[in-house]
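First the structure, in the form of structure tokens, and then the observations on it.
Counting starts at 1 for both ligands and their atoms, in listed order.
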Amino acid sequence: MKEVVSDVVVIGAGPAGAVASALLVQKGWSVNVVERQEFPRFSIGESLLPQCMEFIERAGMLDAVKAAGFQFKNGAAFEWDGARTAFDFTEKFSPGHGTTFQVQRAAFDKILADEAQRQGANIYYRHGIRAAEIDGEGARLVAECDGEEVIFRGRFVLDASGFGRVLPRLLELDRPSAFPARESVFTHVQDNIADEKFDRDKILITVNPEQRDIWYWLIPFSGGRASLGVVGERSKIAAMGEAPEQILRNAVAAAPELAKTLRNAEFDTAVQRISGYASDVSTLVGPGFALLGNAGEFLDPVFSSGVTIAMKSAHLASDCLHRQLGGETVDWQADFAAPLKHGVDVFKTYVTAWYDGRFQDVIFHRTGQTEIKRMICSILAGYAWDRNNPYVAAAERRLNTLAEICAAS
Ligand code: FAD
């Protein structure tokens, strides 16, 4: 039986795994990445946030991402029953990158993985992890490739397996999410949007005119293509039709402004559905392992925070791991789990308030308060860890006060 040994074993070569492995090889550690699929492969999660550009840059991957010709992105536009508003991320409160990209994930994830490999990480594609023995002394993971078993040994495991949730399942760490089970139905289209006022540099979030907890994304790509999806509670999505394409077409027809924007769109790609994606775990760390990105907690797609959180977790974990492998005693709760969770909880506050309407009242309110708008803009740009922003430091209290003011006026 084949056996390979490295300092660190990373499960999954998505954004979290690629960034973490690049950062670790940069610091001199040997890293084997075990990836179930062959790249390029489809993944959902196509609208990035400016905050993640900092993590891409630190991982030494920014030039490659910039050179790929992805659609430039500088903000988010919102539409609800004729009301429109937009946030320009370059006007945000927090320092840092103010623009980013909207990416076909098959190409984007391959670039990140290739960059990690170029820097020295060994990626084993078509190797699916199916068993794990891990303790404070080290790890032994069993992978399968073309019917053969391969053993991966390492001093530490980073689980970046996304919705595969390898260690949460094998170590029984899964915990139900506090969010209800929602479903998303989505595809790629040739959008044929001729309206010159349509801003391809922004993701468009449309709220269903009748049901405010149903919303749509329209993420323009370069080359005249776009990602289109609808999100809602399972029962509400099921009420829209049976076959995925019928559901998506009916959903768009129920949002007249979006339907107008997409009147010439060609549905030329299979429509997919994914449900029950919100997830949580009892712990993000244990002896010999840490959970990154979606393998830990996943909230909701509405503010496009998934890739940013995945990369933030990769950064925090690789810093901790570098210190630990170098002989330091590391408090993973204090230096990894707690700081990561702080930003995730900020996003959670705004996601909760999006679905109960409070944050929608804020977003669609015509405010003259530009400073407050800049602070809200920072959160939408992914700067959920900037405690200098009062809407981060005291998210729930500040948001409630603002929502009350907006609802009253
Ligand atoms: P992934 O990107 O899922 O990568 C995990 C990798 O692990 C995969 O390549 C997989 O093949 C591999 N793997 C799985 N199991 C195994 C195994 N047993 N052995 C070996 N390898 C394995 N995020 C955004 O930032 N912007 C968006 O616009 C956005 N939209 C979304 C829309 C929807 C409907 C949903 C559900 C999510 C959306 N997200 C979005 C979230 C985004 O998809 C994820 O947060 C992001 O992909 C997480 O990255 P990751 O590296 O943790 O995992």
### Task
Could you tell me whether the side chains of Asp7 and Ser30 share a donor-acceptor contact shorter than 3.5 Å?
yes
### Query
Is a salt bridge present between Arg84 and Glu257, judged by a nitrogen-to-oxygen distance below 4.0 Å?
yes
### Query
Which residue and non-hydrogen atom of the protein lie closest to atom 25 (O) of ligand 1, and at what distance in Å?
Val307 N, 2.8 Å
### Query
For ligand 1, which atoms sit closer than 4.0 Å to a heavy atom of Gly293?
52 (O)
### Message
At less than 4.0 angstrom from any non-hydrogen atom of Ser184, what atoms of ligand 1 do you find?
### Response
34 (C)
### Side-chain ion pair, Arg126 and Asp146, N-O less than 4.0 Å
yes
### Query
Would Arg105 and Glu46 pass as an ion pair if we require N to O under 4.0 Å?
no
### Query
Are Thr206 and Trp80 linked by a side-chain donor-acceptor pair shorter than 3.5 Å?
no
### Message
Taking the six-membered ring of Tyr355 as reference, does the cationic atom of Arg182 (NZ for Lys, CZ for Arg) lie under 6.0 Å from its centre and within 45° of its axis?
### Response
yes
### Query
Is the closest heavy-atom distance from Trp217 to ligand 1 below 4.0 Å?
yes
### Where ligand 1 meets Phe39 - atom numbers and elements under 4.0 angstrom, heavy-atom basis
9 (O)
#### Entry: Ligand-residue contact atoms, ligand 1 with Gly128, heavy atoms, under 4.0 Å
19 (N)
### Query
Looking at Gln37, which atoms of ligand 1 are within less than 4.0 Å of one of its heavy atoms?
11 (O)
### Task
Check whether NZ of the Lys or CZ of the Arg Lys73 lies under 6.0 Å from the centre of the six-membered ring of Phe89 and within 45 degrees of that ring's axis.
no
### Close N or O approach (Ser43, ligand 1; < 3.5 Å)
no
### Query
Taking N or O atoms only and a 3.5 Å limit, does Arg105 qualify as a polar contact for ligand 1?
yes
### Query
When rounded to the nearest 0.5 angstrom, what is the spacing between CG in Leu262 and CG in Asp195?
11.0 Å
### Query
Going by atom types alone, do Tyr277 and Asn294 pair a side-chain donor with an acceptor below 3.5 Å?
no
#### Entry: Check ion pair Arg358-Asp361 (N to O, under 4.0 angstrom)
no
### Check: Ser94 main-chain N/O paired with Ser378 side-chain donor or acceptor under 3.5 Å
yes
### Query
Under 4.0 angstrom from ligand 1, any heavy atom of Arg165?
no
### Part of Glu46 with heavy atoms under 4.0 Å of ligand 1, whether side chain, backbone, both or neither
backbone
### Task
Considering the heavy atoms of Gly164, write down every atom of ligand 1 situated less than 4.0 Å from one of them.
14 (C), 15 (N)
### Query
What part of Val34, side chain, backbone, both or neither, has a heavy atom within less than 4.0 angstrom of ligand 1?
backbone
### Task
Check each heavy atom of Tyr125 against ligand 1 and say whether those closer than 4.0 Å belong to the side chain, the backbone, both or neither.
neither
### Summary
Interatomic distance, CD1@Ile379 vs CZ@Phe93, rounded to 0.5 Å, equals 10.0 Å
### Message
Just to confirm my output: which protein heavy-atom neighbour is closest to atom 4 (O) of ligand 1, and how far is it?
### Response
Gly14 CA, 3.6 Å
## Note on the structure
Taking only non-hydrogen atoms of Gly306 and a 4.0 Å limit, the atoms of ligand 1 in range are 23 (N), 24 (C), 25 (O), 41 (C), 45 (O)
#### Entry: Heavy-atom nearest neighbour of atom 8 (C) of ligand 1 within options Gln272, Glu35, His127
Glu35
### Query
What's the shortest distance from atom 3 (O) of ligand 1 to any protein heavy atom, and which residue and atom give it?
Gly162 CA, 3.6 Å
#### Entry: Residue portion contacting ligand 1 (non-hydrogen atoms closer than 4.0 Å) for Ala160
backbone
### Query
In the protein, which heavy atom is nearest to atom 22 (C) of ligand 1, and how far is it?
Arg36 CB, 3.6 Å
### Query
Of the backbone atoms (N, CA, C, O) and the side-chain heavy atoms from C-beta on, which set of Ala16 has a member under 4.0 Å from an atom of ligand 1: side chain, backbone, both, or neither?
both
### Query
Does some non-hydrogen atom of Arg41 fall short of 4.0 Å from ligand 1?
yes
### Query
Who's closest to atom 16 (C) of ligand 1 heavy-atom-wise, of Val166, Ile44, Ile129?
Val166
### Query
What do you reckon, are the aromatic ring centroids of Phe101 and Phe108 less than 6.0 Å apart?
no
#### Entry: Exercise: do Ser184 and Arg273 side chains pair donor with acceptor under 3.5 Å
no
### Nitrogen or oxygen of Thr308 less than 3.5 angstrom from that of ligand 1
no
### Query
Evaluating non-hydrogen atoms only, which member of Ile11, Leu299, Asn294 is closest to atom 44 (C) of ligand 1?
Asn294
## Note on the structure
In this structure, atom 33 (C) of ligand 1 is nearest to the protein heavy atom Pro301 CB, 3.6 Å
### Message
Looking only at protein heavy atoms, which one is nearest to atom 28 (O) of ligand 1, and what is the separation?
### Response
Ser47 N, 3.2 Å
### Query
Would Lys2 and Glu148 pass as an ion pair if we require N to O under 4.0 Å?
no
### Query
Going by the atom numbers of ligand 1, which of them fall below 4.0 Å from some non-hydrogen atom of Tyr277?
36 (C)
### Message
I'd like to know if the side chain of Gln102 pairs up with that of Asp201 as donor and acceptor (distance under 3.5 Å, no hydrogens or angles considered).
### Response
no
